[in-house]
Structures are given as structure tokens and as C-alpha cells.
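All residue numbers refer to positions in the sequence shown, counting from 1. The analysis underlying the following values was restricted to heavy atoms, covering all of them including side chains, and did not include hydrogens, waters or symmetry mates.
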Amino acid sequence: MEDSAKKIQEEERMIDDAFQHLIDTYLASRHRKKVDIITKGFNFARQAHKGVRRLSGEPYIMHPLAVAQIVCGEIGLGSTSICAALLHDVVEDTDYTVEDISNIFGPKIAQIVDGLTKISGGIFGDKASAQAESFKKLLLTMSDDIRVILIKISDRLHNMRTLGSQPPNKQYKIAGETLYIYAPLANRLGLNKIKEELEDLSFRYEHPEEYKQIIDKLAETREHRKSLFDEFTQPIRKALDRMNLTYTIKARIKTPYSIWCKMQNKHIEFEEVYDILAVRIIFDPQTLEDEISECFRIYVCASQIYKPHPERLRDWLTHPKANGYQALHVTLMSKTGQWIEVQIRSTRMDEMAEQGFAAHWKYKEGSKTTADSEDELEKWLHTIKEILDDPQPNALDFLDAIKLNLYASEIFVVTPKGEFKTMPADCTALDFAFSIHTFLGSHCIGAKVNHKLVPLSHKLQSGDQVEILTSKTQRIQKEWINFATTAKAKGKIQAILRREEREQQKQGEEWLNEFFEKAEIEPNSINVDKLCEFHHIKLREELFQAIGSKNIVLGPADLNILHDKAGGKGNSWVKLIPFLKKKPHTQKAKEKAVPVPAMKIDRKKTVVLNEENIQNFIIAECCHPIPGDDILGYLDKDEHIHIHKRHCSVADKLKTSDGNHILATNWDVHKTLLFPVTIKVSGIDNVGVLHEMTGVLSNQFNINIHRLTVTTKDGIFDGEIQLGVHDVEDVKTICNKLKNMTGIEEVTRID
């Protein structure tokens, strides 16, 4: 009993200390000191969550306290947001309602809490995850009050910091959602520090071995980076001192996740990532008006000491990124022969880069750049609202549409009147047209880029001047979806096409009823289904649409089928379009042959693949995982388990849209089975190189090559070799051996 009472006392003291730390942080901020509302929110939440514990065993109230601490200390929000953060789980987890919160704390806090409360129901249908549903509600509320998403990101950050108490399958689900949605959202709102922590925490739980290897390598090379940093910055410091500037110079180290991404994308080792170290110069300008000129003065000063890279000057001063980021980036050649990026920014710019839009309020008075950034935020929120006004029919399409708007790099495009417009990199003339106005996009026939005529699919470059050409008779075409890249353009095209399909369905149904009436045939479901079967169509709605769009013209053959007469063979009336084509029998046979698990699955435990049970799993063809790859399982509606790589793009979507069906999965296969892999090889097209390469594989590794394709051009060859291996270690050994051959420049495994 004494131990129990002592434990309760310690927990109460821990809770009181955490709350006092929150109050101290708030009092040290620049906000008005409304301590009463925060204290009231804390006491209410403490009572509401009394006796409830988290999976880690600590009192539940520690979670809302931690979220409020992030909201206050790391994002810099005020008393309304802090109070809402303390209350964010009350409605979901207790008997209190949003009305209760409104009565006690007022409508504004209640609105934010409502936006933060998860919902159940069918916004996306029964098969969508609750996370995707709650995310839509979050965005709906966010478009009215940005604080909702800032608190939600704080909530997710604390959940990620305490993810170790969750079982592995939940870890993959939550980490997947975080990488797919929350980290891009934090990036879009300018919360760079939080974005990087969310990415690193996700990486740590999804790929623990790779994470540890990179952390260890960073620790091993720390001293070398420090000496390189000191040597590189010493002459810059002397020059800046002569300019009488107040400044600090920091080393910016690439995060483990971004290092890993570069290793994956470029197919290189840790030692080949050359931009791990960057230098950040942060200075105090005399006035806000001096900021930009001071940045360029520092750039000129540094480029007189070290030679700048001619193609790597990034000016985000006069045209900040859409998330408010401002800085001047230049890449300089160090005395050791290594390119080093230098980021030049003022103290205000640095705070904006770390705290994002939350930092705007501090600098709101008289700052043009802050006003411009807020305009960009409003434009982005307006785009989100447009997507929400016409949602996609399923969760994945919706999440993809939102994600398109999050992580894109940016370019600047000029209108015919000389106005600058921020657009995502790789956008097309069609995207630009829709960004101006939906009518312009839906009626455009082409564009003039720098006064030259180009098609709608033309990709725009930064600095292009674009004029959109339109025609009143133009209609949206289905193929436009293939070269629209922005969320707004894709969303509008799909919405208009769906509206046209509904109109075609209605027209087709009317024409079909007229056809039945003229032929004096009963317009019942049996007769409609006969026509569906005759035209190889599954759904009646598809039949109506095909008739309405005149892809099917009803005639004598249809009458023969309806009257059960012979001669109704053939589909001469059908113009083949993709959705009318019948699936080949081989596909159906393949679907029927899918193996069924012959074992019981405990979703909370890790599922192990071994030689005895591997036939019960479906190895995904999208990523071709093999033993040694980090994997997870996905349990489909037919109880089949699909095995994906954890960083596979399909798995990323499944973690977000249907995370409750994710299984923790591991290999336990001991070099007894062969798995297919494809290795890409490129190099100098020397005589005998191909013979030597196949000889190494056949003689040294005793490997049968299943397929080999080689193309050569201008003395360079590219080849793909498909072969069978036991595991990832085999692949690494083979790749290293081939890399050491004369004439071979690059060897990588491809999915």
C-alpha cells in the first residue's frame, strides 16, 4: 500500500512539474499572459483523463501536456492553442462533448478541439482507414483555422517520440502515415525542424538497422567534419568581422533520413554523399530593409574567398518559397577540393525557417515578405478547400491529391502582364492554366511559352513567360489527366469528367428506355443485365455511360440477345475503350490461384516467413522484396498476406489508407530458396566486357542468368540482368564484384 501511495505521489509531482514547465515556457514568450485559461484547461483535462494510462504506463494527462509544450515551446503558439492542445483528446476519449467544451471554454477553443477530434463514419467508405477520414475533417477545419493543423502536427510529433511502446505493426502504420502526410504538411507550413524530426523518427522505426548504421557513421566522421568546418569558416569569419556584422556561423548536418534517401535514390554508399555538411551564416541586420542587401554583401564576400559553383546559386530572398522560407544558398569550392553549400539568412529568416508560419505573428508589423508569405498560405489553403469541395471517391485518390500540393519544389513563372506566380517544379502549361482559373484550364487549347507555341503537356521552367490560348468549343479530354501534375488541375479535371460521366449515364439510361419502349421489351434489370453481359460490361452504370457517350449504339444484335435469338454474336456496335475491355482468362486464372494462408495470424505479433510457410504469402511485384529487405505484410479483404518492402510506394499508401491491416513481418530464410532480382549495369562499351561480366556471374557465383538485355550508344552500354539470388547479401556481393571490373561504372539493384 505504501509503495502504491508513494507511486501516486511521484506521478502527481511529475504532472505538476510538467504543467509548471509549460507555464514557465509560456510566460517567457511574447504572447499576452492569459495563464488563467491554460490553467483551467489543464485542470479540466486532468480530471477528465483521471485514472487512464497510456501504453507506456504513464498517466494519460502527460500526453496532452507534452503536446501543449510542443505547441508553446517549439511552434510558438498562444493561450488559445495551448488550451485546445490540453483538451484535444477529451471529446474523443471521455463522455464530454464539443458542446460541453464550448459552454466552458467558448466557441473558438471548441471549434479547434472539434477539428482535432477523430471521427467515425463513411467519408471515404467503410474500407478507408479512420486516419484518412480524420485527416479530411482536419483539413476542412484547417481551412478556417490554421491552428488546428499546427496542434495536430504537435500531437503526431509526441506520438512519434513515444512510438516505442507500440507493437511493430502499429509502428509501421503510424510511421507510414507520418512520412506520407504529416512530414510533408510540416514542410509546407515551414516547420523545418519538426519536419526533419518526424522523418528521422519514422525512418528509425521503419528501418532500424539502416538508421543505426548512419548514426554510427555520422559519429565516426564527426571530428573530420568539425576540422573541415573550422578550416572552411575561418577566413569567412575574418572577412565578416571586417564588415562589422553581428553574426553566428553554424554547421548544418544532413539528417539521417535525408542521407538515406540520397543513398537510395542515387544508389551510393554513405561515403559518397558529399553534401552532409553545409554552413549556415545567420546575421542581425541593422533594419528589416537591409536584410536582402546584407545577404548579397555576405555572398560577395564569401565568393571572393572561395570560387562559387556557377549553377548552384539559389535566391529565395526576392521570391520566398511558398512555405515562407527565405535565404540565399551558394555552393563554394573549399581548399580541400570539396563543394560546400553556404546558406545565408537573417535572424528573422532563420526563425521563420524553424517555426514556419507561427513565427509570422512576431514580425507581422510592417514586413512585406511576411505579408507575401501569408498570401501564399491563403492561396494554398484555398487550393486545399477546392479539393475538399469536390473530394475524390476514395481515400487514396484524396490523399494523393493533397500530397501533390505538399512536397513539390518550386519554380517562378511570369504571366503576360509581368506578374510572378509560384508553381511546383515539373508543372505543365495545363497546370498553369488551371492555377489561374478553372474556366481557363478547361477551355485551353495550347500555350505560348516565351512567345513560342507549345502543347498543353509542355513542362515549364523557372522564368518562363506563359500565355494560355483558349477556345470556347474546347472540352476537357481524358488524356489530360496524364500530363496534369498539380493537385488543383488533377482534381478539377477529374471532377469535370465525373460530372460529364454522370450526364452521359443519365442520357444513356434515357436512350436505353426509349430503345426498350420501341422494341416493346420490358425495361427490367434482367434485360439490362443481358445487355451488360453481351457487351462485356460489369456494371449497369457503365452500360448507361457507354450508350450515352455513343461508344455503344444499340441495334439488331442487341434485340436478338434480348429476344434470346441466335445471331447475337459479336460486338460490332462496340467501339473498344479501356473500361469496356474484358479481362483475359489468364488474369482470372491467376486471381483464383492466389495462395491462402494455412496458419492463424495474430496481428499483434510479428509474422515470420520461412521455408515451410512462404508459399502462403504473396510477394509483391511492385517492389520484389527478398530476404534481407525490411518488409511488412498487408492483409487484404480475402485474408491473403501481401509482402512489400517497407519503403515501397504502394506500401506507403497502404500504411496511410488502410493501416489497420498492416502486419509486422520478418524473414527467417536460410539460403535455401532463390528469389528473382534485376541488376542494372552501365559502363564503357569495351570489347569483351559483356563476356567477362557473364563469366563472373556463371563461374565465380554459379548463377543462372534468366534474362539479359543490353543497349549501346556512343561507346556507353546499359544492361539489365535478371538472376536468382538467396538474399540481399548475395546482391551486395555480386554488385561489388561487378563494380570492380574494368569499364563498369555503375551497378545497382532495381525493383
Original post:
Is the number of heavy atoms from other residues, nucleotides or ligands under 6.0 Å of Lys250 NZ greater than 12?
Top reply: no
Original post:
Quick one: does Val466's side chain get under 4.5 Å of Val414's, heavy atoms only?
Top reply: no
Subject >> Donor-acceptor pair, side chain of Gln545 and main chain of Gln504, under 3.5 angstrom >> reply: no
Original post:
Nearest heavy-atom pair of Leu277 and Ala251: which atoms, and what distance?
Top reply: CD1-CB, 3.8 Å
Original post:
Salt bridge between Glu177 and Arg156, side-chain N to carboxylate O under 4.0 Å?
Top reply: yes
**OP:** Look at the side chain of Ser303 and the backbone N and O of Tyr299, then say whether any donor-acceptor pair between them is shorter than 3.5 Å.
**Re:** yes
Subject >> Under 3.5 Å donor-acceptor, Lys490 side chain and Ile481 backbone >> reply: yes
Subject >> Side-chain heavy-atom pair Ile259, Phe270 within 4.5 angstrom cut-off >> reply: yes
**OP:** Show your reasoning for whether side-chain hydrogen bond (donor to acceptor under 3.5 Å, both in side chains) applies to Ser346 and Glu291.
**Re:** CA-CA 6 Å; Ser346 69; Glu291 279 184 316; 2.6 Å; yes
Original post:
Just one of Glu210, Glu269, Glu271 clears the salt bridge (charged side-chain N to carboxylate O under 4.0 Å, His left out) bar with Lys217, so which one?
Top reply: Glu271
Original post:
So do the side chains of Cys444 and Leu469 get within less than 4.5 Å of each other, counting heavy atoms only?
Top reply: no
Subject >> Distance-only donor-acceptor check, side chains His642 and Asp636, under 3.5 Å >> reply: yes
Subject >> Check: Thr438 and Leu440 side chains under 4.5 Å, non-hydrogen atoms >> reply: no
Subject >> Considering all heavy atoms, the nearest Pro308-Trp339 contact >> reply: C-CZ3, 4.1 Å
Subject >> Distance-minimising heavy-atom pair for Pro256 and Phe203 >> reply: O-CE2, 3.7 Å
Subject >> Gap between atom NZ of Lys193 and atom CG of Leu198 - 0.5 Å precision >> reply: 13.0 Å
Original post:
Can you tell me if Gln343 and Glu341 form a side-chain donor-acceptor pair at under 3.5 Å?
Top reply: yes
Original post:
Do Arg204 and His207 come close enough that some side-chain heavy atom pair is under 4.5 Å?
Top reply: no
Original post:
Looking only at atom types and distance, does a side-chain atom of His624 sit under 3.5 Å from a main-chain N or O of Glu621, one as donor and one as acceptor?
Top reply: yes
Original post:
Are side-chain heavy atoms of Ile679 and Ile750 found at a separation under 4.5 Å?
Top reply: no
**OP:** Answer yes or no: are there more than 12 heavy-atom neighbours, outside Lys448 itself, under 6.0 Å from its atom NZ?
**Re:** no
**OP:** Search all heavy atoms of Cys295 against all heavy atoms of Arg345 and return the closest pair with its distance.
**Re:** SG-CA, 4.4 Å
Subject >> 4.5 Å side-chain heavy-atom contact, Thr711 and Thr709 >> reply: no
Original post:
Do Gln326 and Arg348 get their side chains close enough for a donor-acceptor pair, meaning under 3.5 Å?
Top reply: yes
Subject >> Smallest separation among heavy atoms of Gly176 and Glu206, with atom names >> reply: N-OE2, 4.2 Å
Original post:
Regarding Thr428 and Asp431, is there a side-chain donor-to-acceptor distance under 3.5 Å anywhere?
Top reply: yes
**OP:** Using modelled atom types only, decide if a donor and an acceptor are shared between the side chain of Ser334 and the backbone of Gln338 within a distance under 3.5 Å.
**Re:** yes
Original post:
Using a distance-only test with no angle check, is there a side-chain donor-acceptor pair under 3.5 angstrom linking Asn192 and Asn187?
Top reply: no
**OP:** Using a strict cut-off of less than 4.0 Å between a Lys/Arg side-chain nitrogen and an Asp/Glu carboxylate oxygen, indicate whether Lys417 and Glu467 qualify as a salt bridge.
**Re:** no
Original post:
Do Glu720 and Thr678 have side-chain atoms, one donor and one acceptor, less than 3.5 Å apart?
Top reply: no
Original post:
Ignoring hydrogens and geometry, is there a side-chain-to-backbone donor-acceptor pair from Arg646 to Ile631 under 3.5 Å?
Top reply: yes
Original post:
Parallel, tilted or perpendicular for Trp260 and Tyr257, by the 30°/60° rule?
Top reply: tilted
**OP:** Can you see which heavy atom on Lys645 is nearest to which on Ala651, and at what distance?
**Re:** O-CB, 3.6 Å
Subject >> Any donor-acceptor N/O pair, Asp464 side chain to Leu460 backbone, under 3.5 Å >> reply: no
Original post:
Do the non-hydrogen side-chain atoms of Thr255 and Ser258 ever get within less than 4.5 Å of each other?
Top reply: yes
Original post:
Is there a donor-acceptor pair closer than 3.5 Å between any side-chain N or O of His443 and the backbone N or O of Phe439?
Top reply: yes
Original post:
Can a salt bridge be assigned to the pair Lys680 and Asp718 using a cut-off of 4.0 Å between side-chain N and carboxylate O?
Top reply: no
**OP:** Spell out, as yes or no, whether a donor-acceptor pair under 3.5 Å connects the side chain of Arg225 to the backbone of Leu218.
**Re:** yes
Original post:
How about His309: does its NE2 atom have over 12 heavy atoms from other parts shown lying under 6.0 Å from it?
Top reply: yes
